[in-house]
Every structure is written in structure tokens, then in C-alpha cells.
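Remember, it's 1-based here, ligands and their atoms both numbered in the order they're listed.
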Amino acid sequence: MTDTTLVILGATGDLTKRLLMPALYRLHRLGLTPGLRVIGYARQHWSAKRFETHIHKALHEFAPDFTEAQWQRFRRQLDYVGGELNAAELGCIKDRLPPAALFFLALPPPLFGPAAQALGEAGLARAPRGGWRRLMVEKPFGSDLSSAETLRGQMHRDWREEQILRIDHFLGKETVQNLMVFRFANRFLEPVWNAQHVEQVQITYAETLGVERRAAYYDRAGALRDMLQNHLMQLFSLTAIEPPSNWDAEVLRDHKVEVLRSVKPITAGNGTRHAVRGQYRAGKAGRKKLAAYHSEADVPHGSNTETFAALRLEIDNWRWQGVPFYLRSGKRLASNRSEIAVQFRRAPGAVPGLVDAGNNWMVFHMKPNQTMTLLANAKQPGLEMKGHQVNLCAPYVRDGDTEFSAYEQLLMDALAGDRTHFLRFDEVEWAWRLLDPVLKTWSKGTPDFYAAGSEGPDTQNRLLDANHRWRPIALAAAGGA
Ligand code: BG6
């Protein structure tokens, strides 16, 4: 790596402390970032020493395998500048930058646009000869289509699309990247990955956590904006894309956008068949009592924010015609079960009794375990020619493998200028286009209730075709599959 500087705007905040610095520290420890300097920038007029002490404490808390010896080497990479988010003060760092510089906006969302503009005005978006300037920013990219477009306008005033790296941290997850490899590196999958053989697809991201201390953000966002518009849409489009001709960022993103563009629109007329929302009320996890969303700290009285959202999406193309894709995510559900599950159509029943054991499912488990399982039918031991279901299960990680966290992956990609695992604006735009009508409908009325610690609202069943059932979220209920 040539000399590169990463400038973190919002360097005294939570994201820097919990995620960015631990990721940078580990990359440094693995020797992957030689020549990288990190400048923290924030409003506090701290000395570099004070910033160091702050990061030292954070790494103690959040970096696994922290050692003082390693820290002594890592701290030499760090520097700090205090200043406001305006061109005059940001301009002060210009002389400290080498030809290659990456800016990370670890800031509250309302500041994304102003920060991008201030950097531009300070002349920091233009690289000197032979160098580069990139801007990394994390969701939310607007709160609907129109605010996303406004944000784009602000960012694009001084930055070109190729310079902007929009993070969806799911794209940095090993198990999500595996989806692309597994789909396209295996000959046996492609012939059956279509409507002729696939019955339905279920994408679930269930969490046992409640809103915790994030109500100030979450109550304005809700599950649809927080999880579906971004993370689950990415899982959806990666499951459904056509094989790209190569891993080039533009090719891959063209293919993902093509999926989003092919989804049949959800309208006010068909909305009840395609979208369900829920909110948790009091419930239990084992013996532990769980409070209702309404009683969580900082949730406004009578809030109608959804803590659960489910969608039924249909893709209007040759490959997926007639196959429902069910997507759902929620807080305070029965377990942390996260998976992409593809159900295949039944084998023709030419040999009665043999193929009746059940359907084939291919499941990419993300949580609680990272595994891939294929639910298949095999002969049940015994005198009869009877079938039963067996689980062909492969762990994703094996002993000795080095895994990287999403932030580690994405920081390395950003430094290398690889945009494959970042979002292009039109992906964001098409996801909003699909969901704007749902948000509009949900601006009125109330969500359906579900007990905390449960499977979610019963009304989610209305999205399903008559012969489909949601896969259980509770781990015990699901067995190994
Ligand atoms: C974040 C959401 O983007 O993703 C959170 O804001 C959610 O509400 C989180 O809990 C889930 O991602 P992970 O990687 O922590 O499972």
C-alpha cells in the first residue's frame, strides 16, 4: 500500500470507537495496512495525545486480542485535528494529506450532505496528480426517495459517483460474499436456480435485541428503513441476480439494479398482500420478562413505528416468474436466526412413499451459525423403501481460516479502490422506489402487535401462498435445518 491517509470525520463518536478503530487495529496487527495514517477529525479541540488516550480505552474495550505491544506500534499511525465541519477549518488538513486520501463520514446522517460539500469547498475532493480522493459513507441514504435524491445532489456537487463508497455493512459480511461465490462457482446450482425448480425464497433477519438505547434514531426509521430497504434488499438482489460476466463493480451493480427494476411494484391497491408491519408488546424470553416497545426508553408515547416488517416480492422476469420472495426482519423475536432459504419444488411423485419425505431446501445460515445446509431426502434405514429428511450441512468457516469483519473487509476494499461491495446510487434509488408506496401507506394506521420473544405478528402469514409456511424463527422449533 502506498502512503495513504484515512481521515475520519466524527472521530470522537460511537462508530469510530466501536467499529472503525477495532477494524483498523486488527488490519494493522495482521500487517495489511503498512503506510496508512489515520487522522481523526471532530469538533472537540483535543490534543493528539488526548485522542490517543480515548482510542486506547476504546480498543481495550472493543478490540479482541488487544495487546499493549501492538498498541505502541498502532498509535504511531494516529493523529488528530479539532475543527468544525466547514471549508475553512477542514482546509487545514489539506497540507497533511499524501496524494492518496480516504474520508470516512462517521457522522449523524443530517451532516452527510453538508460534510461532503464542506470537503469539496475545501478542495479536498480533488486529488493531486497521480493520487486519489474517496468518500466513505454509511446508511441511511435518505429516509425516502426524495430525501435520497437531495442527498445525492449534495454529495455529487463536488464528488463523482466513482469516488463515493456507500457502505451497506452486509456486503462486507463473509456469508453474504459467499452467496455470490457459492452461486456462481458451482455448476450444479445454476440449472435449478430458477422458477422451474424453485418454489419460494425466504430471507429472514430476526433479532432478539429490542430497540436498546437507539430509540431516538429507530423510532423515526422503523424496521422497513432500518433493515429492509438496504440490507435485505441486498440479500434479495444477490440471491436473484443473473450470473455476471466478471466481478467488476459496475457489472455486478448493473445486475443487482436489474433485479430491483424487475420487481412488480407494490401499490396502494395490492399493499396488504405484499407488506406487513408489526410492533412488539410485552412478552417473555424463557422466564425473562421483556418490555413492550412502547415502554422502552425514549420511545414517544403512542408511537406507531414498526419493529417488524415483512414483504412479498415478485420478480417479473423469465428466471423468477411466479416465485415469491418473502423478506422479513424484526426486533425482539424468538431468536437471532438469519438466513436465506430457497425451497425447491417437489420431485415428481413417480415412486410413491420415496419422495414424500419433504421438500428440498438450500439454506445459507448467517446467524447463529455460519453454515450452508441442504435439506435432502434419503432412505430411512429399515426394511421398507421409505424416505426421510437428512441435513447435509457444511460449516462456512473451518479451523485455521482467517475471517474478517464487515468493516475490515470494506476498509480494505475502500483503500484498494474496489467498489464491488459498495452501493451505487441507483441501487439505493430503486430500493426506495419500491418501498416508498409502502412507507406512504404506513404513515397512517397502526402496526399489528406481536409478543416480544415470539415469531412476529400472525398477520405475516397473509403474504404467503396457500401451500407455504414461514420457517420457524425459534431455534428449538427448527431443529438443525
Ligand atoms: C444495522 C441496523 O444496520 O444492522 C441494526 O441499524 C441492526 O438495527 C444491524 O441490528 C444488524 O446487523 P448485524 O451485523 O449487527 O447483525
request  = Tell me, yes or no, whether the heavy-atom count around Arg273 atom CZ, taken from other residues, nucleotides or ligands under 6.0 Å, exceeds 12.
outcome  = yes
key: atom 11 (C) of ligand 1: nearest protein contact (heavy atom, Å)   = Glu207 OE2, 3.7 Å
inquiry  = Tell me if the aromatic rings of His468 and Tyr326 count as close, with their centers under 6.0 Å from one another.
reply    = yes
ask   = Within a radius of less than 6.0 Å around NZ of Lys289, do more than 12 heavy atoms belonging to other residues, nucleotides or ligands occur?
value = no
task = Please identify which atoms of ligand 1 are closer than 4.0 Å to at least one heavy atom of Phe170.
result = 12 (O)
task = Below 4.0 angstrom from a heavy atom of Met227, which ligand 1 atoms are there? Numbered from 1 as shown, please.
result = 2 (C), 4 (O), 7 (C)
message = For atom 6 (O) of ligand 1, what is the closest protein heavy atom, and at what distance to 0.1 Å?
response = Asp226 OD1, 2.6 Å
Distance from atom 14 (O) of ligand 1 to nearest protein heavy atom, with residue and atom = Lys173 NZ, 2.6 Å
task = In plain terms, say whether Glu161 and Arg424 are close enough for a salt bridge, that is, a side-chain N and a carboxylate O under 4.0 Å apart.
result = no
message = Determine whether the aromatic ring centres of residues Phe66 and His56 are separated by less than 6.0 angstrom.
response = yes
message = Checking a contact table here: which protein heavy atom is nearest atom 3 (O) of ligand 1, and how many Å away?
response = His231 NE2, 2.7 Å
message = Only heavy atoms of Lys331, strictly under 4.0 Å: list the atoms of ligand 1 that pass.
response = 5 (C), 7 (C), 8 (O), 10 (O)
key: ligand 1 contact by Met366, heavy-atom criterion under 4.0 angstrom   = no
key: Closest protein heavy atom (residue, atom, distance) for atom 15 (O) of ligand 1   = Lys367 NZ, 4.1 Å
inquiry  = So which atom in Ala221 and which in Arg225 form the shortest heavy-atom distance, rounded to 0.1 Å?
reply    = O-NH1, 3.3 Å
task = Identify the two heavy atoms, one from Ala63 and one from Tyr25, that lie closest to each other, and give their separation to 0.1 Å.
result = CB-CD2, 3.9 Å
key: Residue and atom name of the nearest protein heavy atom (relative to atom 4 (O) of ligand 1), distance in Å to one decimal   = His169 CE1, 3.4 Å
key: N or O pair under 3.5 Å between Tyr218 and ligand 1   = no
query = ligand 1 and Tyr217, any nitrogen or oxygen pair closer than 3.5 angstrom?
reply = no
Under 3.5 Å donor-acceptor, Arg134 side chain and Ala414 backbone = yes
